[in-house]
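Inspection log for the structure reproduced underneath, given as structure tokens.
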Amino acid sequence: MIDIAALRADPASFEDAWNKRGLSVDVTALLALDEEVRHLKAESESLRNQVNVASREIGEVARSGGDVAAAKQRVREIGDRAKELARSCTEQEEVLTNQLLELPNPCLATVPAGADASANAVVATWGEPPRLDIVYKPHWDLATDLGILDLERGAKLSGSGFVVLRGDGPRLVRALLTFFLDHLTRQHGYTEVMVPHLVQPSVMRGTGQLPKFQAELYHCERDDLYLIPTAEVPVTNLHAGEILSEADLPRRYCAYTPCFRREAGAAGVGTRGMTRVHQFDKVEMVWLAHPDRTEQDLAALRGHAEEMLQALGLHYRVLDLCTGDTGFSAAHTYDLEVWSPGTGQWLEVSSCSTFTDFQARRAGIRYRPAGGGKPRLIHTLNGSGLAIPRCFISLLETYQQADGRVIIPEVLRPYMGGQESIGG
RNA sequence: GGACAGGUGGCAGAGUGGCUGAAUGCGCCGGUCUUGAAAACCGGAGAGGGGGCAACUCCUCCGUGGGUUCGAAUCCCACCCUGUCCGCCA
């Protein structure tokens, strides 16, 4: 959520930022509503003050045996009026807040302007596609032939978009997960957390999934709990409503969770195999960070994700997302895409973003400056580190051999009991 | 799921209708003392919002939401959460 006071102070820059996201916002109406809310608040507070003062007097008079019947009647009327005004103030404030909750985070000034994904900038490329003299099979054939992927039975159990892995398939997934978590905790001092996969609506609101993206979420109606679409949601909200000390920043967490996404409207294009599924595994990196270093922090976060792709030896590129393609809550995003030689596509395996204070304001995450003083909102950042299915795809396709085997990269072998290949 | 107990400031813990936004202790910050530290003593210190150039001032917040009252941390109702015991269970 944006800061209404900031909008008041500089409406033009917000309007401009939203325009760059392809959004036209009636800022004038927002500010008029804000004005009304504050007017109502001032009115009701001044009446409230009259009630407080008068009540004190009534108490004193009554104690010394005076007659307070008339005063009571008068104060009650003022009180009723104050209550009325306070009520309509709350109502209007709610209307305003609901509107604010639907507005995206303005992008940082450094983000390239552009309408859609075609304006994203490729800022780095690492490695090269594999060059064996073979026809590179797509993973849905390769993995099915190896007996480690069963799309049909996944669909039988849960419908399309759900997969069953078997044998070395799950084993490879566990190896990837453990490698990622070990790397982040041991090399970079992240704290690993294991969190609930079902969360309350307020938690979804904190990171920005609600109210706008309800349709993307699985919801358990009976308990009013949502299945998380990413570990970002519970992990970022770990410190919701808290005031951290400045010395504790940045707090860096990593977490493995399954992720559940309805992918409403995404059926059809590019959904073959396991490139886009309703349930997948992912390790997520989440930073609760100091607000003054957000771009440096984002660069570091992205670096951590890149290191792991490099360790796996996967050909990848980095996109600097343009304003039109940046997610709702984010202010600046880098996407990491791995090469899938079997399908001839780049697949997004990580999206590293800073959310500036947008999520922190929604979730109420602040820190107290070391020298004392008022609490300030922190900045939140996160990035996949990494999403399993697409790493799995790229890895299988990249390391496939003429004889149908798949070579396991060195870094994963310790996690697979020294196994050097799958199949054959 | 049933019974009982309880939810107050960073923590512990008073407070059961009126200068209580909240005693006291610990912790924290500043100062005095000390070569330095500790101890002791003095002082400071919650959050959000409105108004004012400012000194300052006003409103709200004692799990959440309603209600009673001139006035609620204190009384009433509902809900949530925690603890203990019982039941059930991986």
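Throughout, a chain's letter reflects where its sequence line sits, starting with A, and its residues are numbered from 1.
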query: Mind checking the C1' distance from B/rA73 to B/rA37? Whole angstroms is fine.
result: 42 Å

field: Distance between C1' atoms of B/rC75 and B/rU68 (Å, rounded)
entry: 8 Å

message: If I pick the P atom on B/rU82 and the same atom on B/rU24, what distance separates them, to the nearest angstrom?
response: 33 Å

query: Which nucleotide, in any strand shown, forms a Watson-Crick or G-U wobble pair with B/rG10, with both distances under 3.5 Å?
result: B/rC26

Toward the 5' end of RNA chain B, by each residue's nearest nucleotide, A/Arg8 or A/Val75: A/Arg8

task: Could you give the distance separating B/rU32 and B/rA72 at their C1' atoms, to the nearest angstrom?
output: 43 Å

field: Any strand: nucleotide that pairs with B/rA54 via Watson-Crick or wobble, under 3.5 Å
entry: none

message: Under 3.5 Å for both donor-acceptor distances, Watson-Crick or wobble: does B/rA90 have a partner, and if so which one?
response: none

- prompt: What interatomic distance, in whole Å, is found between P of B/rC19 and the corresponding atom of B/rU60?
  reply: 14 Å

message: Roughly how many Å apart are B/rA39 and B/rC26, using the P atom of each and rounding to a whole number?
response: 11 Å

query: Among B/rG50, B/rU69, B/rC70, which nucleotide sits nearest the side chain of A/Lys72?
result: B/rC70

- prompt: Of all the choices, B/rG50, B/rG48, B/rC59, which nucleotide is nearest to the side chain of A/Pro375 once you look at every atom?
  reply: B/rG48

field: Separation of the P atoms in B/rA23 and B/rC11, to the nearest angstrom
entry: 15 Å

task: Give the intermediate values and the outcome of side-chain hydrogen bond (donor to acceptor under 3.5 Å, both in side chains) for residues A/Glu284 and A/Thr257.
output: CA-CA 8 Å; A/Glu284 185 75 4; A/Thr257 70; over 6 Å; no

query: From the list B/rC59, B/rA47, B/rG50, which nucleotide is the closest neighbour of the side chain of A/Ala42?
result: B/rG50

message: With nearest nucleotide decided by heavy atoms, which residue, A/Arg56 or A/Lys83, maps closer to the 5′ end of RNA chain B?
response: A/Arg56

- request: Ignoring backbone atoms, establish whether A/Arg48 has a side-chain N or O less than 4.0 Å from OP1 or OP2 of B/rC58.
  value: no

task: Would you check if the distance from the ring center of A/His183 to the ring center of A/His304 is below 6.0 Å?
output: no

- request: Assess the pair A/Tyr253 and A/His239: is the distance between their ring centroids shorter than 6.0 Å?
  value: yes

task: When you get a sec, tell me which of B/rG18, B/rU60, B/rG49 is the closest nucleotide to the side chain of A/Ser55?
output: B/rG18

- line: The Watson-Crick or G-U wobble partner of B/rC79, with both key distances under 3.5 Å, is B/rG63

- prompt: Mind checking whether A/His278 and A/Tyr218 have parallel, tilted or perpendicular rings, split at 30° and 60°?
  reply: perpendicular

- prompt: Hey, is the side chain of A/Asn49 poking within less than 4.0 Å of OP1 or OP2 on B/rC59, counting only N and O atoms?
  reply: yes

query: In terms of heavy-atom contacts, does CD of A/Gln296 have more than 12 from other residues, nucleotides or ligands at under 6.0 Å?
result: yes

message: Rounding to an integer number of angstrom, what distance separates B/rC88 and B/rG2 when you compare their C1' atoms?
response: 12 Å

query: Under a 3.5 Å cut-off for both distances, is B/rG17 Watson-Crick or wobble paired, and to whom?
result: none

message: For B/rG46 and A/Arg368 - does any side-chain N or O of the residue sit under 4.0 Å from the phosphate oxygens OP1/OP2?
response: no

